[in-house]
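Right, one structure below, let's go through it.
All chains are named by letter (A, B, ...) in the order of the sequence lines, taking the proteins before the strands, and each is independently numbered beginning at 1. Keep in mind the model is a prediction, meaning the values are calculated, not measured.
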Protein chains: 2
Amino acid sequence: METNGATGLDDPAYRAAVVDLLGVLAYGELTACIRMATDSDLAPSLRIKAQMAGFAATEYRQYEVLVDRLGALGVDAETAMQPFVAPFSAFHDRTRPKSWVEGLIKAYVGDGIAKDFYREMASFVDDETRAAMDHALDDAGAGDFIVSVVRDAIQTDRTATGRLSLWGRRLLGEALSQGQSVAVERDALSGLLIGGGADLTAIGQMFTRLTDRHSQRMARLGLSA
Amino acid sequence: METNGATGLDDPAYRAAVVDLLGVLAYGELTACIRMATDSDLAPSLRIKAQMAGFAATEYRQYEVLVDRLGALGVDAETAMQPFVAPFSAFHDRTRPKSWVEGLIKAYVGDGIAKDFYREMASFVDDETRAAMDHALDDAGAGDFIVSVVRDAIQTDRTATGRLSLWGRRLLGEALSQGQSVAVERDALSGLLIGGGADLTAIGQMFTRLTDRHSQRMARLGLSA
């Protein structure tokens with residue numbers, strides 16, 4: 001089923017970029033699964049707790065799809081994920097939620113930025129890889145659920161709006177800063193953008209799209225970006 | 001597909017017992033899923049972390065099977081689980097693992113006692129309910145995995161054996177104590193045992209079997225019961 005010749009997987013630079021992309025996305029899903037399940041423990045009701053655990057289980061299944069795709073490329077998933085353990089840890093250490101609502105906003109805003117970025121990258125990869133990525137990028141309704149729960153929580157605590165807006169801005173800043181340090185360290189990944197024909201202007205436009213979509217998410221939450 | 005008449009689901013006492021049994025098992029699976037995912041965050045390697053998250057996802061699917069069975073009986077899962085939230089919280093508050101290995105032992109030993117008890121109860125219920133329970137009682141290899149990881153951890157830290165053996169004994173004590181308080185509060189559940197023909201001798205023998213199997217699990221871990 002591999003179409004190496006046609007899709008450039010015999011080009012070592014392209015192959016390294018795809019492995020990096022699948023690795024960072026897989027580790028992102030695994031981490032998102034664990035965070036969501038951990039945060040669900042603080043949920044104020046059984047209904048919300050069960051739903052959050054369900055989203056965690058979905059994220060695990062998406063992780064498995066990415067591991068399978070890595071396997072099809074002959075790559076061990078742990079090896080592919082390892083380079084991204086430290087940047088994810090750094091991001092999470094710098095953005096520890098102080099409450100359950102902060103945790104949910106982090107899941108929505110953080111996953112949102114990351115997934116927008118992966119969607120941008122998906123246009124540079126072969127069909128099979130893109131199919132695995134698309135599967136992992138479906139949020140299975142988690143976003144709508146978080147928006148409705150956070151809006152409810154804000155409604156009963158109006159003073160929270162300013163604090164949570166600041167929290168969203170901090171998440172964006174930390175995500176972009178960790179993303180940039182990954183790009184600097186992983187030549188293959190940034191090579192994929194450049195090799196795909198993206199010049200500095202195009203990359204600048206991509207960042208504008210990422211921050212625009214972040215602002216839209218914050219607005220959906222009832223917060224200011 | 002219901003066989004109410006044949007299986008006694010039109011008997012309110014039996015029906016209440018089945019709802020309790022499915023409710024406690026469902027909440028147990030949901031809690032086990034969340035604990036396993038939370039504990040996975042402390043895992044010493046990416047391989048172990050991913051495996052633990054996988055067991056958490058399996059537990060969520062088992063939870064869903066029980067929710068479906070409750071739905072088939074026309075019962076809302078949250079309503080069925082609610083009575084067991086407090087006893088589970090009490091158990092978890094009294095048995096907070098101080099390390100990742102203690103968490104794994106708790107998952108193995110705690111789940112083991114609970115599942116042995118549910119297996120005993122499964123012989124008193126109708127076929128459809130038993131099928132849903134059997135599905136939820138399959139540990140999907142989690143036990144073997146935990147045994148191998150804990151044995152490895154003990155091998156490199158011989159002084160841990162005594163401490164972890166004590167931990168296992170405390171888990172058994174707390175599990176039996178919370179189990180007993182549930183039995184006292186939920187008449188229907190204990191009625192199922194008595195109504196199923198279990199006299200005090202039979203119940204005593206059941207407890208002997210539960211503690212025997214606990215000892216076997218501790219021995220598998222390389223610990224003394």
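For the set B:Gly54, B:Ala57, B:Ala77, B:Ser45, the count of heavy-atom pairs under 4.5 angstrom toward chain A peaks at B:Gly54. Of the listed residues A:Ser40, A:Cys33, A:Ala53, A:Ala37, the one with more heavy-atom pairs under 4.5 angstrom with chain B than any other is A:Ala53.
Heavy atoms closer than 4.5 Å to chain B are found nowhere in A:Ala56, neither backbone nor side chain. Interface residue A:Gln82: backbone and side-chain heavy atoms are both found under 4.5 Å from chain B. Using a 4.5 Å cut-off between heavy atoms, A:Val85 contacts chain B through its side chain alone, with no backbone atom that close.
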Does the side-chain contact (heavy atoms from CB on, under 4.5 Å) test come out yes or no for B:Leu223 and B:Thr161, once each step is laid out? CA-CA 6 Å; B:Leu223 301 173; B:Thr161 312; 3.8 Å; yes
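Side chain of A:Arg130 to backbone of A:Val125: a donor-acceptor contact under 3.5 angstrom is found.
Residues B:Trp167 and B:Lys98 have side chains not in contact (no heavy-atom distance under 4.5 Å, counting atoms from C-beta outward).
When each of A:Asp10, A:Asp20, A:Val75 is paired with A:Arg15, the side chain to side chain contact (heavy atoms under 4.5 Å, CB included) condition holds for A:Val75 and for no other.
Separation of the B:Phe88 and B:Phe91 ring centroids does not fall under the 6.0 Å cut-off.
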